[in-house]
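These numbers come from a predicted model, not from an experiment. Chain A is the first sequence line, chain B the second, and so forth, proteins listed ahead of strands; every chain is numbered from 1.
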Amino acid sequence: MADQQKSTQKSDSPGDILEQVVEVVREAAEGIVEDVKGVAQELGIVPPPAAPHAAAPTESASVAEPRGRAADDNRYDPTPVEEKWAALWESDLTRYAPEPPSSGKPKYYVVEMLPYPSGALHMGHVRNYAIGDALARYMWMSGHNVLHPMGWDSFGLPAENAAIKHHRQPREWTLGNIAAMKAQMKRLGFSYDWSREIATCLPEYYRWNQWFFLKLFEKGLAYKKKSKVNWCSDCATVLANEQVVDGCCWRHEGTLVEQRELEQWSVRITDYSEELLQGLDNMEGWPEKVRTMQRNWIGRSEGANVDFKLDGGETKITVFTTRIDTIFGATSIQLAPQHPLVAELVGQDPNKLASLEQMLADQKKAREEGDIGSLDKKGFDTGHFAINPFNQERVPIWVANYILMDYGTGAIMSVPAHDERDFEFANKYGIEVRIVILPRREQEPPEAGQPEHPVLPFVAEDSLLINSGPFNGLACEEAQKKMAEYAEEQGFGKATITYRLKDWGISRQRYWGTPIPILYCEKCGMVPVPEDQLPVLLPENVEITLAGGSPLTRVKEFYEVPCPKCGGIARRESDTMDTFVDSSWYFYRYTSPIDTAPFDSDIANYWFPMDQYIGGVEHAILHLMYSRFWTKFMRDIGLIKNDEPAKRLFTQGMVIKNGAKMSKSLGNVVSPDDMVARYGADATRLYTLFAAPPDRDLDWQDQGVEGVYRFLSRLYRFITENPARMAAGEPREYNVAELAPDARKVLRKLHQTIQRITDDFQGRWHFNTSVAAMMELLNACMVRQELFSQNSTAPKAFRAEVQRKLILLLNPFAPYLAAELWSTLGEDTHALLRHPWPQADPALAKEEEVEIVVQFNGKVRSRLTVPIDAEDDTVRQAALNDEKVKEALLGKVIVKIIVVKNKLVNIVVRG
RNA sequence: GCGGGGAUGGUGAAAUGGCAGACACACUAGCCUUAGGAGCUAGCGCCGCAAGGCAUGGGGGUUCAAGUCCCCCUCCCCGCACCA
């Protein structure tokens, strides 16, 4: 199945599909970037320079230069502060480690999809991790035992491209990139437990891919079969789909990519089709969109197989149909051009052979261009006939280009009266159209032989069968059941279910991947590598080239080895595994990266299923389907107990700029390093949360970062200029009733803010409004700055409480500034991570009075201020006594008055 | 064609059926400054001197009240697509 093949041939990973494409394009086009990066890495400059004043503007020319910090410049300079805390946290190795299950705290396992180590983080990563980090920190603060790990999806094509282009070993290139990106992540202050870090390209990880492969092989779930791959004759190798550009090889413009049949390893994911489909119904924590996409991808379709015998022979043609009830209207059989019977039926007829060739070429072209749906329907009559087993009628056998070999049986019965495509085809070639179902209300058959029907009942609701022999008068649904039963009784067919989902082709003819642990012995045939001989190490210092097939076949000491069974001559499987294998189970490994098993089952059972998985929607089908399959397989071999990997899935929107996804070619890339250098990690992260709700696309605006940076500066000033430090033993209690009205207002706003932010975390995750709420709170404090000054009459305990809680609210979003200000208040920053989340007190949050509007027929005419929760009658009277209202009432008749508590009065008037 | 998501000021966006535009950005004016690319103050949907009117892609409807609910339509983005 070519479409499936297309997809499964991808070498992409959940890390980032586009990134790899960008990498390919970038390298093909210039290679300059890599050169620079390479030089930088050779010089040992792994992390990007973090000095704010030295950062050179790149694409972001519209951003102001880093400003000089004159003596009177009281803006917050994040760099020294953030670097100070980053260094401190770096030395605190167990800072983000979870507690043992015996802590008794509810567990919370949150994972952001691991990146491909391309060399540098992009803003999409920053956004993804900012969301996950805010959530992890909130969960810590609300008393959970949090596991928050990170790793690297580090096998894959770009490393080989780098090897070819710059003569660097994939391993060295990859590990260098990991080091650089890890430094970026640390600079951004994400709360990862690095002691659990994994890199899929390391033997301690990929040996378990091999172990799983052996288990799959043992269970018959991994098998070898011929399947189609993209093949470039100039490169003499298989290409990934991303390497196919407009149907040609990306390195040989003008060389058409062929589809070649090769022996490929496949994984029987289809054994789980039904469970994968049905599981979706219960996954309420997953976006409906992702569930729908997976349902469509699995593509379950109920129908029946029916055998048509070749006229004058015993050969059978099995067709798949979902509408067996229309079989009396079948006026031809249509075969896919690739159908195995076609060669025999066509014989040596040169005209037919030519049509067939043309058809195959058209199909291939359309498929490559991705618009197979718009292909003109074409076909030819083979001159042979088949017998309809229901009525013994002879129907002609055609070959048609709209029949797909890889769906159903590659053969259909054509019912032009009740299928649009069949109708279009039949009309073009003058094939009979015979109506066999009619809506119940028009049981008047059209005149026999009538060539054209103005409106065909293609798929009619509530129809009955006609012209269908013994089945006449049955409703369609009933007929489908009865006719399938009849076919089964008579032995020429049966009800069946077809899935669009195909087995997962995992073979890659490439170097930088997990070697498949299989040997081919001259005597014993196919031999799995014994478990105790794992890992099959990927050889190093291999010359990478795309010419002449897999590089591994040229490494003698790898390729030619003795057979583990007989000691005779054997050669190794030279294919490596699809990188989607790596990412199908990595989140289990985080829970216990041990060296005696893929993971410790007891520990995995404590943490799984993941409470929250976060990543891009581009992985909705492949990665998320494969990892669901892997989970079910691991459950079936007794490794784990859960049926699904993640309770909740969140797919964040893309980061775009000027209406398009950031890309080098469009020149609209904003580098996280530049932003961190100019505004700090806190501001960069905060902006990704503030600019849009996390599920929507984020339109990057450089000036927007400036805005959140100003907020952080104001907050920094607010606290550092008048910190309300409580000395040890100083009472933290104060009497709310004695607060001045202004202080009372601040306290009210504080509790309203706590409520709003808590609601956002627990509900819809609109962190943009959480940040806005913090800004409002700070504004409310700053317009009453005298309350917080050194000679304020407000109780110090009150001031300290407001400042502390403001910082606690900030902590999930801007951890560096939170730590800095927390220490300014003399508090213990080590405890900040697990400091209890502030609780909103509804009584303190409640307003004392509200402004309500008075409407006339829904139009605002006046406003009045009344005590909160005032009785409707009181409010009605107050409204009617209002001068403006009295004036507006002149000459009008009141029809009725609606009072909405604490909101409005609507006076319905006439005249 | 099918499925999903969108459309609100100059911009990003707020809004349990109840004052549309919170919070920011940009802009304008002023203050402070040797300076301003810092900070502070004020203004800022559109029309209008004002009173007021008009405004949430377009058109209908329900309702005392609609960005929000219902029906029809347009456009944009993302999946899937000759699936029998």
Side-chain angles (χ1 to χ4, degrees), chain A residues 1 3 63-70 72-75 287-293 295-297 299-301 303 319-323 326 334 336 363 366 370-377 400-404 406-415 418-422 424-425 498-500 617-618 620-621 653-654 656 659 687 690-693 695-708 710-711 713-714 717 766 768-776 779 782 851-860 863 895-898 900-909:
Chain A
M1 177 187 182
D3 285 335
V63 175
E65 294 278 324
R67 38 199 67 71
R69 301 195 193 276
D72 62 348
D73 182 350
N74 50 3
R75 294 184 108 193
E288 191 50 51
K289 174 178 183 162
V290 171
R291 295 199 276 166
T292 306
M293 284 166 76
R295 273 189 202 105
N296 293 341
W297 188 258
R300 182 184 201 270
S301 162
V319 304
F320 173 70
T321 175
T322 53
R323 294 302 303 269
T326 64
Q334 303 286 345
Q363 251 190 17
D371 62 341
I372 195 151
S374 62
L375 198 61
D376 262 355
K377 289 189 177 41
N401 66 349
Y402 71 99
I403 309 304
L404 307 172
D406 40 29
Y407 184 78
T409 59
I412 64 150
M413 61 176 205
S414 173
V415 185
H418 306 294
D419 182 286
E420 284 191 58
R421 292 154 304 166
D422 293 348
E424 187 188 333
F425 190 85
T498 292
Y499 298 89
R500 212 179 70 102
V617 74
E618 63 271 23
I621 296 178
M654 287 189 301
I656 59 176
Y687 175 68
F690 178 63
D695 54 340
R696 250 203 256 180
D697 285 352
L698 186 163
D699 194 347
W700 187 274
Q701 295 187 1
D702 291 325
Q703 289 144 333
V705 194
E706 186 85 32
V708 294
R710 282 210 279 259
F711 160 66
S713 291
R714 274 155 58 82
R717 282 203 318 272
H766 278 198
N768 54 331
T769 58
S770 301
V771 178
M774 281 190 282
M775 289 171 169
E776 283 182 55
N779 290 346
M782 290 191 81
E851 186 187 72
I852 63 164
V853 296
V854 184
Q855 300 178 326
F856 274 53
N857 296 341
K859 299 245 182 240
V860 179
R863 293 157 196 278
V895 179
K896 74 171 154 177
I897 300 179
I898 287 137
V900 182
K901 201 176 277 296
N902 299 331
K903 287 271 163 54
L904 55 75
V905 176
N906 190 12
I907 304 175
V908 185
V909 294

Requested in this report: Let me know the distance between CD1 of A:I621 and P of B:C78, rounded to the nearest Å.
Outcome: 15 Å
Report summary line: When rounded to whole Å, the CZ to P distance for the pair A:R300 and B:C2 reads 23 Å
Report summary line: Of B:C83, B:A22, B:G3, the nucleotide closest to the side chain of A:T292 is B:G3
Query raised in the report: Rounded to whole angstrom units, what separation is found between the CZ atom of A:R710 and the C1' atom of B:A24?
Result: 9 Å
**Report entry** Complement of B:C2, any strand, by Watson-Crick or G-U distances under 3.5 angstrom
**Finding:** B:G79
Report task. Check whether any side-chain heavy atom of A:N857 sits under 4.5 Å from a side-chain heavy atom of A:V908, and report yes or no. Result -> yes
Requested in this report: With heavy atoms under 4.0 Å as the rule, sort A:N779 into base, sugar-phosphate or nothing.
Outcome: sugar-phosphate
Query raised in the report: What distance, rounded to whole Å, do you find between the two C1' atoms, one in B:G1 and one in B:C82?
Result: 11 Å
Requested in this report: Please tell me which of the listed nucleotides, B:A14, B:C82, B:C80, lies nearest to the side chain of A:H766?
Outcome: B:A14
Requested in this report: With P as the reference atom in both, quote the distance from B:A55 to B:G10 in angstrom, rounded to an integer.
Outcome: 16 Å
Query - Touch class at under 4.0 angstrom, heavy-atom based, for A:R863 against every strand present - result: base
Report summary line: When both distances are under 3.5 Å in a Watson-Crick or G-U wobble arrangement, the nucleotide paired with B:G52 is B:C47
Query raised in the report: Salt bridge between A:E424 and A:R421, side-chain N to carboxylate O under 4.0 Å?
Result: no
Query raised in the report: So what does A:F690 touch, heavy atoms closer than 4.0 Å: a base, only the sugar-phosphate, or nothing?
Result: base
Query - A:T326 OG1 to A:H418 NE2 distance, which is reported to the nearest 0.5 Å - result: 6.5 Å
Query raised in the report: Going by modelled atom types, is there a donor-acceptor pair between the base of B:C64 and the side chain of A:K896 at under 3.5 Å?
Result: no
Query raised in the report: Expressed as a whole number of Å, how far does the P atom of B:U74 sit from that of B:A13?
Result: 25 Å
Report task. Just call it for A:N768: base, sugar-phosphate, or nothing, with non-hydrogen atoms closer than 4.0 Å on any strand. Result -> sugar-phosphate
Requested in this report: Using the P atoms only, state how far B:A42 lies from B:A35, rounded to an integer number of Å.
Outcome: 24 Å
Report task. Could you check whether A:K901 gets within reach of a base, just the sugar-phosphate, or nothing at all, counting any heavy atom under 4.0 Å? Result -> nothing
Query raised in the report: Hey, does A:Q855 reach any base, or is it just sugar-phosphate, or nothing, if we go heavy atoms under 4.0 Å?
Result: base
Requested in this report: With a 3.5 angstrom cut-off on both distances, give the Watson-Crick or G-U wobble partner of B:U33, or none if there isn't one.
Outcome: none
Query - Pairwise side-chain contact, A:N296 with A:R500, heavy-atom cut-off 4.5 Å (strictly under) - result: no
Query - Whole-Å gap separating C1' (B:A66) and CG (A:L904) - result: 14 Å
Query raised in the report: For RNA chain B, whose closest nucleotide is more 5', that of A:A691 or that of A:G410?
Result: A:A691
Query raised in the report: Out of B:G18, B:C19, B:C82, which has the shortest distance to the side chain of A:Y402?
Result: B:C82
Query raised in the report: Does B:C25 have a Watson-Crick or wobble partner in any strand here, with both distances under 3.5 angstrom, and which is it?
Result: B:G10
Report task. Would you give the length of the straight line joining atom CD of A:E706 to atom CD of A:Q701, rounded to the nearest 0.5 angstrom? Result -> 13.0 Å
Query raised in the report: Are A:R323 and B:C83 close enough that a side-chain N or O sits under 4.0 Å from OP1 or OP2?
Result: no
Query raised in the report: Rounding to the closest angstrom, what is the interatomic distance between B:A51 and B:G12 at atom P?
Result: 31 Å
Report task. Ignoring backbone atoms, establish whether A:R291 has a side-chain N or O less than 4.0 Å from OP1 or OP2 of B:G4. Result -> no
Query raised in the report: Contact class for A:R714 (heavy atom, under 4.0 Å): base, sugar-phosphate, or nothing?
Result: sugar-phosphate
Report task. Provide the distance between the two P atoms, one in B:A15 and one in B:C23, to the nearest whole Å. Result -> 13 Å
Query raised in the report: Base, sugar-phosphate, or nothing for A:I403, non-hydrogen atoms under 4.0 angstrom?
Result: base
Query raised in the report: What's the closest nucleotide to the A:N906 side chain, out of B:A22, B:G18, B:C83?
Result: B:G18
Query raised in the report: To the nearest angstrom, how far is A:I656 atom CD1 from B:G5 atom P?
Result: 18 Å
Report task. Heavy atoms only: give me the nearest A:Y687-A:D699 pair and the separation to one decimal. Result -> OH-O, 3.7 Å
Report summary line: Atom CG of A:D699 and atom C1' of B:A24 are separated, to the nearest Å, by 14 Å
Query raised in the report: Under 4.0 angstrom, heavy atoms only, what part of the nucleic acid is A:V908 near: base, sugar-phosphate, or nothing?
Result: sugar-phosphate
Query - B:C27 to B:A81 separation - P atoms, rounded to the nearest Å - result: 47 Å
**Report entry** Side chain of A:T769 (C-beta onward), nearest among B:A81, B:A14, B:C23
**Finding:** B:A14
Requested in this report: Could you please name the option among B:A84, B:G18, B:A26 that lies closest to any side-chain atom of A:T322?
Outcome: B:A84
Report summary line: Pairing partner of B:A15, by Watson-Crick or G-U wobble and under 3.5 Å for both distances, is none
**Report entry** Polar side-chain contact A:N296-B:C80 base: donor and acceptor under 3.5 Å
**Finding:** no
**Report entry** For B:A66, the Watson-Crick or wobble counterpart (both distances under 3.5 Å)
**Finding:** none
**Report entry** In B:G9, glycosidic geometry as syn within 90° of 0 or anti otherwise
**Finding:** syn
Query raised in the report: Of the candidate nucleotides B:C82, B:C64, B:G12, which contains the atom at the shortest distance from the side chain of A:I898?
Result: B:C64
Query raised in the report: Using the C1' atom in both, what is the distance from B:A7 to B:G58, to the nearest Å?
Result: 12 Å
Query - Atom-to-atom span, CZ of A:R717 to C1' of B:G39 - whole angstrom - result: 6 Å
Query raised in the report: A:N779 and A:R714: side-chain donor and acceptor closer than 3.5 Å?
Result: yes
Query raised in the report: Hey, does A:G707 reach any base, or is it just sugar-phosphate, or nothing, if we go heavy atoms under 4.0 Å?
Result: sugar-phosphate
Report summary line: Rounded to the nearest 0.5 Å, the CG atom of A:D422 sits from the CZ atom of A:R323 at a distance of 12.0 Å
Report summary line: Quick note, A:K903 side chain, CB onward, closest among B:C64, B:C82, B:G18 is B:G18
Query - side-chain N/O A:R696 vs B:A14 OP1/OP2, d < 4.0 Å - result: yes
Report task. Using a 4.0 Å heavy-atom cut-off across all strands, classify A:P693 as base, sugar-phosphate, or nothing. Result -> sugar-phosphate
Query raised in the report: When you measure from the centre of the six-membered ring of A:Y402, is the NZ or CZ of A:K377 under 6.0 Å away and within 45° of the axis?
Result: yes
Query raised in the report: Where the side chain of A:A772 is concerned, which of B:A81, B:C23, B:C25 is the nearest nucleotide?
Result: B:C23
Requested in this report: Kindly compute the distance separating CZ (A:F320) from OG1 (A:T498), expressed to the nearest 0.5 Å.
Outcome: 3.5 Å
Query raised in the report: Closest nucleotide of RNA chain B for A:E288 versus for A:V708: which of these residues is on the 5' side?
Result: A:E288
Requested in this report: Using whole Å, report how far NZ of A:K289 lies from C1' of B:G79.
Outcome: 6 Å
